[in-house]
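Let me begin by presenting the structure, written as structure tokens, before commenting on it.
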Amino acid sequence: MKKRVTLTFPKRAVQMPVTYRLAKDFNVAANIIRAQVAPNQIGKLVVELSGDIDALDAAIEWMRSQDINVSFASREILIDENICVDCGLCTGVCPTEALTLDKETFKLTFTRSRCIVCEQCIPACPVQAISTNF
């Protein structure tokens with residue numbers, strides 16, 4: 001099973017080897033989608049956790065016991081087709097190729113199932129046609 005979560009670390013827990021502990025202690029794989037971590041500052045990670053449902057629940061409970069805020073990601077990318085000019089700038093920054101230009105029509109195509117909500121496309125859009133629902 002997979003769960004996408006946002007982890008918010010207090011300043012004192014930023015140095016903690018969380019992904020190592022998830023793998024070693026709980027047999028849970030953590031695919032880091034986005035990270036904002038710096039010494040002596042509050043840190044944020046967006047990760048996709050993979051593993052057995054019971055192991056995922058135990059890992060999440062452990063992280064919360066370490067004062068790491070765990071919130072389930074339910075955001076998704078939204079594209080306003082009335083604003084989009086199909087320039088393709090967003091396709092150059094999309095790491096999963098969820099955003100592509102159709103080779104025949106040159107229209108933007110969004111494959112939602114490939115999107116990891118990294119949000120790199122949002123600042124790349126010159127007309128601000130891309131946003132999140134959160």
Side-chain angles (χ1 to χ4, degrees):
M1 173 173 221
K2 292 183 179 182
K3 290 185 180 184
R4 185 174 295 166
V5 297
T6 300
L7 307 177
T8 305
F9 297 83
K11 291 179 185 180
R12 63 175 178 69
V14 168
Q15 304 279 344
M16 186 183 306
V18 173
T19 55
Y20 170 80
R21 294 284 309 270
L22 291 174
K24 181 146 177 57
D25 298 346
F26 300 97
N27 198 28
V28 169
N31 180 26
I32 299 172
I33 296 169
R34 188 173 197 183
Q36 293 174 314
V37 181
N40 300 316
Q41 294 183 6
I42 294 173
K44 283 197 173 213
L45 279 180
V46 177
V47 295
E48 185 175 75
L49 302 175
S50 303
D52 178 72
I53 184 70
D54 294 330
L56 287 174
D57 290 342
I60 289 168
E61 185 177 319
W62 172 78
M63 286 186 286
R64 287 183 171 148
S65 75
Q66 301 299 308
D67 293 327
I68 299 169
N69 182 335
V70 180
S71 59
F72 295 93
S74 61
R75 298 185 319 188
E76 62 183 11
I77 295 293
L78 303 173
I79 301 173
D80 188 334
E81 294 179 12
N82 296 322
I83 298 174
C84 180
V85 294
D86 301 304
C87 67
L89 288 174
C90 57
T91 65
V93 298
C94 183
T96 62
E97 296 182 356
L99 293 163
T100 57
L101 284 179
D102 185 285
K103 292 178 182 173
E104 293 183 18
T105 64
F106 294 103
K107 292 283 186 187
L108 184 68
T109 303
F110 178 47
T111 308
R112 189 170 309 281
S113 61
R114 294 182 120 192
C115 182
I116 58 172
V117 195
C118 68
E119 299 181 16
Q120 292 184 53
C121 55
I122 294 173
C125 182
V127 295
Q128 299 176 346
I130 305 174
S131 61
T132 61
N133 66 340
F134 184 77

Those residues that, when tested against Phe26, pass ring pair (Phe, Tyr, Trp, His ring centres under 6.0 Å) (two or more places apart): Trp62
Shortest non-hydrogen separation from Glu76 to Val117 and the atoms involved: CA-CG2, 4.2 Å
Shortest non-hydrogen contact between Cys121 and Ile77, atoms and distance: SG-CD1, 4.1 Å
Non-neighbouring partners of Arg12 that pass side-chain hydrogen bond (donor to acceptor under 3.5 Å, both in side chains), sequence neighbours left out: Asp67
Heavy-atom closest contact (Pro39 atom, Gln15 atom, distance): CB-NE2, 4.1 Å
hydrophobic_cluster_shared for Met16 and Val37, side chain cutoff 4.5 Å: yes
Value rounded to 0.5 Å, distance of CG in Leu49 from CG in Leu22: 6.0 Å
Point-to-point distance, once rounded to the nearest 0.5 Å, from NZ of Lys2 to CD of Glu48: 4.5 Å
Hydrophobic cluster membership, Leu99 vs Leu89, 4.5 Å side-chain cutoff: no
Arg114: side-chain hydrogen bond (donor to acceptor under 3.5 Å, both in side chains) partners, not counting sequence neighbours: none
Approximate separation, where rounding is to 0.5 Å, of Ile33 CD1 and Cys115 SG: 9.0 Å
hydrophobic_cluster_shared for Val93 and Phe110, side chain cutoff 4.5 Å: no
side-chain contact (heavy atoms from CB on, under 4.5 Å) evaluation trace for Arg4 with Val47: CA-CA 6 Å; Arg4 185 174 295 166; Val47 295; over 6 Å; no
Pairs where residues 53-64 contributes a residue and the test salt bridge (Lys or Arg N to Asp or Glu O under 4.0 Å) is met, not counting sequence neighbours: Lys3-Asp57
Salt bridge (Lys or Arg N to Asp or Glu O under 4.0 Å) pairs, two or more places apart, involving residues 117-129: Arg34-Glu119, Arg75-Glu119
Euclidean distance, Leu108 CG relative to Ile79 CD1, rounded to 0.5 Å: 5.0 Å
Exercise: identify the closest heavy-atom pair between Leu101 and Phe106: CD2-O, 3.8 Å
Same apolar cluster (I L V M F W Y, side chains within < 4.5 Å links), Ile130/Val85: no
Sequence neighbours excluded, every pair satisfying salt bridge (Lys or Arg N to Asp or Glu O under 4.0 Å) that has a member inside residues 77-105: Asp86-Lys107
Residue pair Val5 / Phe72: nearest heavy atoms and the distance that separates them: CG1-CD2, 3.6 Å
Over 12 foreign heavy atoms within 6.0 Å of CG, Asn31: yes
Interatomic spacing from CG in Asn27 to OG in Ser50 - rounded to 0.5 Å: 11.0 Å
Minimum side-chain heavy-atom gap Cys94-Gln120 below 4.5 Å: no
Stepwise side-chain contact (heavy atoms from CB on, under 4.5 Å) check, Gln128 with Ile83: CA-CA 8 Å; Gln128 299 176 346; Ile83 298 174; 6.0 Å; no
Rounded distance [0.5 Å steps], CG in Leu45 versus CE in Met63: 10.0 Å
Cluster link Val28 to Tyr20, ILVMFWY, side chain under 4.5 Å: no
Heavy-atom closest contact (Lys11 atom, Ile42 atom, distance): CG-N, 3.9 Å
